[in-house]
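Here is how names work: the chains are called A, B, and so on, in the same order as the sequence lines, proteins then strands, and each is numbered from 1. Quick caveat, the model's predicted, so the values are computed rather than measured.
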Amino acid sequence: MREVIESLVSEALRSAVQGGRITLTELPEPAVERPRDPSHGDWATSVALRTAKAAGMNPRELAQVLADEMADHPDIDAVEIAGPGFINLRVSAHALQRVLREVRAEGTGYGRLDLGKGRRVQVEFVSANPVGPMHVGHGRWAALGDSMARVLEHAGYSVEREFYVNDAGVQMDTFAKSVAARYLELCGREIEFGEDWYRGAYITEIAREIFEAEGASWADADPAKRESHFKETAYVQVLEHLKHVLHGMGVDFDVWFSERTLHAPSADGGPSEVEQAIESLRAAGHIYELDDATWFASIPFGDDKDRVLKKADGSYTYFAADIAYHKDKFDRGFDRVIDIWGADHHGYVKRMEAAVAALGHPGQLDVVIGQLVNLFRDGEVVRMSKRTGEMVTFEDLLDEVGPDAARYFFLRRSTDQPLDFDIGLAKQRSNENPVFYVQYAHARICSILRKAAGADTSDDSVDISATVAELVSEDAPLKLLAGDAELSLMRKLAEFPEVVEVAALQLTPSKLTRYAEELAAAFHQFYTLCKVVDPEEPELTAARLYAVDATRIALADVLVLVGVSAPERM
RNA sequence: GCGCCCUUAGCUCAGUGGAUAGAGCGUCCGGCUACGAACCGGGAGGUCGCAGGUUCGAAUCCUGCAGGGCGCACCA
C-alpha cells in the first residue's frame, strides 16, 4: 500500500511539473507517512511543506496543486489539505476490502516481502558457555534471535541460526575442576574447593551422574586425565541440556559451532583457523609485533585501542578466536552476519566491527545489544547469581510460565531497554496479560467460525480449516463491509506487511507484539459492534465471516513470527 | 577518568523530523435475554530529565549538564 501511495505522490509531482503548474529543478522524495491521528486519514504527505521554498510557492498553495493531481485515483476516496500544508489521503473502502482477499489468498505467506532478495544472513545468538544452566537473559536473546530470524525469512532473506559453543578456554577447565571436586566428595575424599570454581548444585548433579555411571574408578586417577575426561563428559551433558531447554521454547539452531575447531590444525596438518586469520590480517598490513605479543591495529577502524591477538606466552586471546570465527562465517558465504550479545559485552562491539572491516567485510556485521533482564515476583526482585546455585534459571522460568508467555514477554520490550519480567503477571490468565489478550482474539474467532458452521462446540476434533473451507465463500459481498469498526479492522490488516518491513529493517521483532495487540484490539472492537452471524442478514454474515477469517489468518501469521501458539480454544 | 545504553502519565512502556504526544495497567463512570465479558466504551491524569542549538516544524537531530544501568585486560 505504501508503494501505491508513494507512486501516486511522485506521479502528481511529475505531472504538475510537466504541466507547468509548479517549477522544480529536481523531484523531491514523496515523504509519505501514516498520520498519528486517524482523523487525518490513512496516509499523509508533507511534500508540499518540504518543497514549498524550492518551488517558490506557499505550502498550502503547492499542496492544492498536488491534491488536484491526485484526486482521481481509484484507491483514494478523499484528498484533503490540512494544517500548514499537509496532504491527507483517505483510502477507499474498496481498496481495503481487497486486502481481505489478499490475506486469504496468501494465508501463511501474508506479509511476505522480498527485501532480502534471497541474500544469506546468519543470526548468531544465545551462545551461552556450556558450563552451566542458562540465565534468564539467555532466554531473552533466544526469543529475540529466533524471532529476528523468522522475520528476516518472511522478508525474503535466507537465514541460518547459529550457536557458538565456547568449548575452549579456562572456563572449561574451571568447570572440569569443579565437577572433579564434587566427584571426589562423592567418593568420600576430602577436597579443597577453589575460590573461583563453580558452586551451583548442578555441578554436583553432573558429578553424581558420572559417579553412578562410572563408579569411583577415577578417584585415584591422574588428576589431569581425570579432569580431561570429566570435561568432555560433563560439557556434552550440559550442551544437550541447553539444546533441550531451547527446543522447549521453540528455538532450534541450524549450526552449533565449536570454538575448538578454530584452534585445531587444518585437515592437512597446516595452520589453524586462528593462525590463518592472523596471517590474513598480516597480509593486509594490520598486524604488528610489540613486547613479544602480536597486535591487531584496530584503531584505524574506529576502535579505542589496538588489541593483542597472541600473548607473550604464545597463547591466543579470546578475541583472536573470535576474529577467526567471523572470518569463518564470511568464508561460508554469508552476505550479512548478525550477532546478538548481552549488554555486558557492548564494549566488545567496536573491536569486532574493526576486525570484520579489516577482513574485507565492512558494514556486513550487525551487532545487536540486548539489555539485561530483571526478574520480579510479586513486586520483589529475584536475584540471579551464577555461583550461589540459588538463581532462577531460564529453564526454571520456562517451566513456571510456559513457552508462550516467556517468548511474548521477552519480545515485548525494545532490545535496548532493560526488561522487567514479572513472573506473576506472565502466569496470570487475565486481561492484564497481553499474551492472553492476543490469543483470546484468535480463539474467539475460531469459536465464531465453529458456531457459524453449526459445529458441535464441545467437539474438540473440529478442524478449523475444514470449517472455514465450507463456510467462507469467495463470493461474499465484501462491499457491505463499510462500517467504522470494519474499516478500522481492515486498515489494521493492511498494515501487516509494513510491520514486517520495519521489524526486518530495524531488527526489532518487538514491533510484532505491539502490532499483534493492536490487531487483536481492532478485532475485539469490531466484534463488540458488529454481529457476525445473523440469520436475517445472510449477505452481511457472509461478508463478515470473510473478514473474520482474514483476521484469524493474520493473527496466526504474526504469532508465528513472535513464536507463540495461536490456540483455537483456551 | 573514558565509552555505550537509558530518562515520556501514578506504574510498565510505545512513539520512523510533522498536526491536539499515545497504549496497557491502576483509578472513576458505564455496557452481556447477540456469535467466548479472558471483551468493549467513556472520564481524570504530561513543564517528553534540565539548558542551549539546528529549521518552516524537535520527545525525535547536535552540544553541554544531571540522574540511572553496563562496560573499559597480553580474561573468557
Does any nucleotide pair with [N] by Watson-Crick or G-U wobble geometry, both distances under 3.5 Å, and what is it?
N: B:C2; value: B:G71
N: B:A38; value: none
N: B:A9; value: none
N: B:U16; value: none
N: B:C65; value: B:G49
N: B:U54; value: none

Output yes when [X] and [Y] qualify as a salt bridge under the 4.0 Å nitrogen-oxygen rule, no when they do not.
X: A:Arg412; Y: A:Glu517; result: yes
X: A:Glu232; Y: A:Arg260; result: yes
X: A:Lys327; Y: A:Glu273; result: no

Is [X] touching bases, backbone alone, or none of the nucleic acid, heavy atoms closer than 4.0 Å?
X: A:Cys530; result: base
X: A:His524; result: sugar-phosphate
X: A:Ala44; result: base

Which whole-number value in Å describes the distance from [X] [atom1] to [N] [atom2]?
X: A:Phe421; N: B:C13; atom1: CZ; atom2: P; value: 13 Å
X: A:Leu507; N: B:U16; atom1: CG; atom2: P; value: 15 Å
X: A:Phe436; N: B:C25; atom1: CZ; atom2: C1'; value: 17 Å
X: A:Asn433; N: B:A37; atom1: CG; atom2: P; value: 19 Å
X: A:Glu517; N: B:C40; atom1: CD; atom2: P; value: 11 Å
X: A:Tyr515; N: B:U16; atom1: OH; atom2: C1'; value: 17 Å
X: A:Arg444; N: B:G36; atom1: CZ; atom2: P; value: 8 Å
X: A:Gln439; N: B:C39; atom1: CD; atom2: P; value: 13 Å

Pairwise [atom1] distance for [N] and [M], with rounding to whole Å:
N: B:C56; M: B:A38; atom1: C1'; value: 49 Å
N: B:G31; M: B:G36; atom1: P; value: 22 Å
N: B:U8; M: B:C50; atom1: P; value: 10 Å
N: B:U27; M: B:C32; atom1: C1'; value: 24 Å
N: B:A9; M: B:C72; atom1: P; value: 33 Å
N: B:C4; M: B:G57; atom1: C1'; value: 31 Å
N: B:C2; M: B:A19; atom1: C1'; value: 42 Å
N: B:A14; M: B:A73; atom1: C1'; value: 39 Å

Please compare A:Arg34 and A:Asp534 by the position of their nearest nucleotide in RNA chain B and report the one closer to 5'. A:Arg34

Apply side-chain contact (heavy atoms from CB on, under 4.5 Å) to the pair A:Val548 and A:Phe526, showing each step before the final yes or no. CA-CA 9 Å; A:Val548 163; A:Phe526 159 81; 3.7 Å; yes

Enter syn or anti for the glycosidic conformation of B:C32, syn applying to angles within 90° of 0.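 Chi for B:C32 falls in the syn range.
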
For the pair [X] and [Y], name the ring-plane relationship: parallel under 30°, tilted 30 to 60°, perpendicular over 60°.
X: A:Tyr348; Y: A:Tyr318; answer: tilted
X: A:Phe296; Y: A:Phe319; answer: tilted
X: A:Phe257; Y: A:Tyr325; answer: tilted

Under 3.5 Å, is there any donor-acceptor pair linking the side chain of A:Arg50 to the base of B:G18? yes

With a sphere of 6.0 Å drawn around CD of A:Glu29, does it hold more than 12 non-hydrogen atoms of other residues, nucleotides or ligands?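 Check fails, neighbour count at 12 or below.
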
Can you establish whether the number of heavy atoms outside A:Glu289 located under 6.0 Å from its atom CD is more than 12?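 Check passes, neighbour count above 12.
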
Show the numbers, then the answer: is there a side-chain contact (heavy atoms from CB on, under 4.5 Å) between A:Lys350 and A:Phe301? CA-CA 8 Å; A:Lys350 272 188 191 168; A:Phe301 295 96; over 6 Å; no

Counting only side-chain N and O atoms of [X], is one of them less than 4.0 Å from OP1 or OP2 of [N]?
X: A:Lys511; N: B:G15; value: yes
X: A:Ser46; N: B:G57; value: no
X: A:Lys350; N: B:C4; value: no
X: A:Thr528; N: B:C40; value: no
X: A:Gln417; N: B:A14; value: yes

A correct 5'-to-3' footprint of nucleotides 70-76 of chain B, with B, S and - meaning base, sugar-phosphate only and no protein heavy atom under 4.0 Å, is BS--BSB

So, A:Phe86 and B:G18: ring centres less than 5.5 Å apart, planes less than 30° off, yes or no? no

Hey, is A:Tyr527 doing a stacking thing with B:C35, by the 5.5 Å centroid and 30° angle criteria? yes

Closest to the A:Leu49 side chain: B:C40, B:C13, B:C56? B:C56

Taking the minimum atom-to-atom distance to the side chain of A:Arg514, which one of B:C39, B:A14, B:A19 wins?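 Of all the options, the side chain of A:Arg514 is nearest to B:A14.
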
